[in-house]
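Below you'll find the structure, written out as structure tokens, and then a few comments.
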Amino acid sequence: MGARATMGCSPLLPFQALWLTAAVVAALALAAGAQPSPSLSPGFYDATCPGLQPIVRRGVARAVRAEPRMGASLLRLFFHDCFVNGCDASVLLDDVPGNFTGEKNAGPNANSLRGYEVIDAIKAQVEASCKATVSCADILALAARDAVNLLGGPRWAVPLGRRDARDASAGAANANLPPPDASLPALLSAFGAKGLDARDLTALSGAHTVGRARCAVFRAHIYNDTATTDASFAAGLRGAVCPYTGGDANLAPLEPQAPDAFDNGYFRDLVARRVLLRSDQALYGSGGDGGNTTDALVRAYAANGTAFAADFAAAMVRMGNLGPPAASAAAAEVRLNCRRVN
Ligand code: HEM
């Protein structure tokens, strides 16, 4: 895999840049061993759109400068694309009332998935440089990678050459995206169905080291799961941040120490039982896999940010390789506007 991955400009603090240097080296080593699907390659647009990667990076950097949380939102957008019929930009298709119901308003996405305008702006710039050449799915894959890196996380070579779906499915989004109260067996099964194992699940869940969640999705955990949450952490969230009734849209950081820094703080929070989601805490101390695999990985990542960064980068490549079903793939296209089919 191409070794042209470099550290880009990071708006972050020196300690994060230091951490990044080590992480990049390790991430590249592991990502190099990953198996991209044969049809995808990091050099796919080298001849047809050589300016692509700088355009995407500039667009993501602008958005993250304006609002650091947007980095997290773009990363989540990519996950929600890939888990629903593969990484095919189906998540970006707008509903057409009376005609087409896509994924944007499915349960896991409505009122919380964001970043569509950032992808639109980047797509417009890419179209201006390379007309009808680069898929929205590839722009999203690059944007997610750049978002992670700009928040202080690793950088890896992104295999490219995806095409955009001509359909989207609210039902598939509801069925494939795990809910915030998922148990460890349910998470393992949802990821296993995509060919992703416990290591991928644990590493990818480290994405929750950045971003925010709404009270509606973490209320049950902080009020009901007293045996598995740190008492003072839960007490600090009850009340003004997340009342027992109302306040559904109130936000809290998924990783409160450094909510916009892509580091391994999330795993230390799991060990301390100070996380927002029941599905997060399920990775540590739940015994849901006999206590064997994910507990050990959480401890390892909590102790070693470089190991986490390397595994995260490799798992992102594997997740990014999820392809659409054959019938959708056959009909796929390079969309001109990410919100609608050509
Ligand atoms: C393992 C199963 C997962 C579950 C159950 C889950 C669930 C959630 C939930 C409920 C939220 C908050 C949404 C809201 O406020 O309504 C969230 C946010 C987020 N998720 Fe996940 N997630 C999972 C895996 C992932 C993965 C694999 C990634 C990326 C690789 C990811 C990236 C994010 C990010 C970055 C945010 C914050 C987004 C923002 O601030 O806009 N999640 N997730």
Side-chain angles (χ1 to χ4, degrees), residues 5 8-12 16 20 27 52-84 86-94 103-104 108-126 134-160 162 164 168 173 177 203-214 251 253-255 258-263 266 309 312-313 315-317 319-320 322 335 337-339:
C9 55
S10 167
L12 294 177
Q16 286 163 335
L20 176 62
L52 169 64
Q53 302 219 17
I55 293 173
V56 175
R57 188 171 181 90
R58 273 197 302 275
V60 176
R62 194 176 307 124
V64 170
R65 250 193 325 272
E67 188 208 7
R69 180 189 173 196
M70 189 50 76
S73 304
L74 291 169
L75 174 56
R76 182 172 186 236
L77 196 51
F78 183 55
F79 165 53
H80 283 217
D81 184 32
C82 292
F83 257 55
V84 183
C87 313
D88 61 357
S90 54
V91 72
L92 302 179
L93 287 173
D94 278 345
E103 294 161 27
K104 287 182 172 174
N109 296 338
N111 304 317
S112 71
L113 204 61
R114 53 204 296 278
Y116 305 114
E117 295 77 11
V118 175
I119 300 299
D120 288 341
I122 295 172
K123 173 68 170 172
Q125 295 218 314
V126 171
V134 181
S135 66
C136 298
D138 280 339
I139 290 173
L140 186 50
L142 288 168
R145 184 276 311 271
D146 288 340
V148 168
N149 186 224
L150 286 159
L151 295 177
R155 182 164 163 76
W156 59 93
V158 179
L160 299 167
R162 299 169 187 81
D164 299 325
L177 292 163
L204 288 170
S205 296
H208 288 175
T209 200
V210 290
R212 311 287 187 278
R214 293 170 307 147
L251 294 173
L254 284 156
E255 201 283 280
D260 299 314
F262 199 96
D263 58 16
Y266 164 82
F312 182 81
M316 283 290 284
V317 171
M319 183 174 83
L322 292 174
R335 236 178 263 154
N337 176 331
C338 294
R339 290 175 180 265

* Give the C-alpha distance, both sets of side-chain angles, the deciding distance and a yes or no for side chain to side chain contact (heavy atoms under 4.5 Å, CB included) between Val134 and Ile139. => CA-CA 7 Å; Val134 181; Ile139 290 173; 3.8 Å; yes

* To do: May I have the step-by-step check of side chain to side chain contact (heavy atoms under 4.5 Å, CB included) for Met316 and Leu75, ending in yes or no?
  => CA-CA 10 Å; Met316 283 290 284; Leu75 174 56; 3.4 Å; yes

* Asked: Going through the checks in order, is the side chain to side chain contact (heavy atoms under 4.5 Å, CB included) test met by Leu160 and Leu142?
  -> CA-CA 9 Å; Leu160 299 167; Leu142 288 168; 3.9 Å; yes

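Under the side-chain contact (heavy atoms from CB on, under 4.5 Å) criterion, Ala137 pairs with Ala89, Ser135, Arg162, Asp164, not counting sequence neighbours. Residues that satisfy the side-chain hydrogen bond (donor to acceptor under 3.5 Å, both in side chains) test with Arg114, not counting sequence neighbours, are Glu67, Ser73. Applying the ring-ring contact (aromatic ring centres under 6.0 Å, His included) rule to Phe79 yields the partners Phe83; only residues at least two apart in sequence or on another chain are considered. Applying the salt bridge (Lys or Arg N to Asp or Glu O under 4.0 Å) test to Arg212 and every residue at least two apart in sequence or in another chain returns Asp260. Scored by the salt bridge (Lys or Arg N to Asp or Glu O under 4.0 Å) test, Asp94 finds Lys104, Arg339 as partners (sequence neighbours excluded). By the side-chain hydrogen bond (donor to acceptor under 3.5 Å, both in side chains) test, Glu103 pairs with Ser90, sequence neighbours left out. With sequence neighbours left out, the side-chain hydrogen bond (donor to acceptor under 3.5 Å, both in side chains) criterion links Gln125 to no other residue. Residues forming a side-chain hydrogen bond (donor to acceptor under 3.5 Å, both in side chains) with Ser205 (at least two apart in sequence, or on another chain): none. Residues that satisfy the salt bridge (Lys or Arg N to Asp or Glu O under 4.0 Å) test with Arg58, not counting sequence neighbours, are absent from this structure.
Asn149 is not listed as a side-chain neighbour of Phe262, based on a closest heavy-atom distance of 4.5 Å or more. Taking the side chain as every heavy atom from C-beta outward, Asp88 and Asp81 approach each other to under 4.5 Å. A 4.5 Å side-chain heavy-atom check between Arg145 and Arg155 finds at least one atom pair inside the cut-off. A heavy-atom distance below 4.5 Å is found between the side chains of Leu92 and Leu77. By the 4.5 Å heavy-atom criterion applied to side chains, Met70 and Val60 are not counted as neighbours. Under the 4.5 Å side-chain criterion, counting only non-hydrogen atoms from C-beta, Phe78 is in contact with Met319.
Closest approach of Ile122 and Ile55 over heavy atoms only: O-CG2, 4.3 Å. Across all their heavy atoms, Ala157 and Val317 have their closest contact at O-CG2, 4.1 Å. Between Pro108 and Ala173, the shortest heavy-atom contact is CG-O, 3.9 Å. Nearest heavy atom pair, residue Cys82 against residue Leu322, reads O-CD1, 3.7 Å. Nearest heavy atoms, Ile119 versus Cys338: CG2-SG, 4.1 Å. Closest approach of Gly206 and Tyr266 over heavy atoms only: CA-CD2, 3.7 Å.
How far CG of Asn337 is from SG of Cys136: 7.5 Å, rounded to the nearest 0.5 Å.
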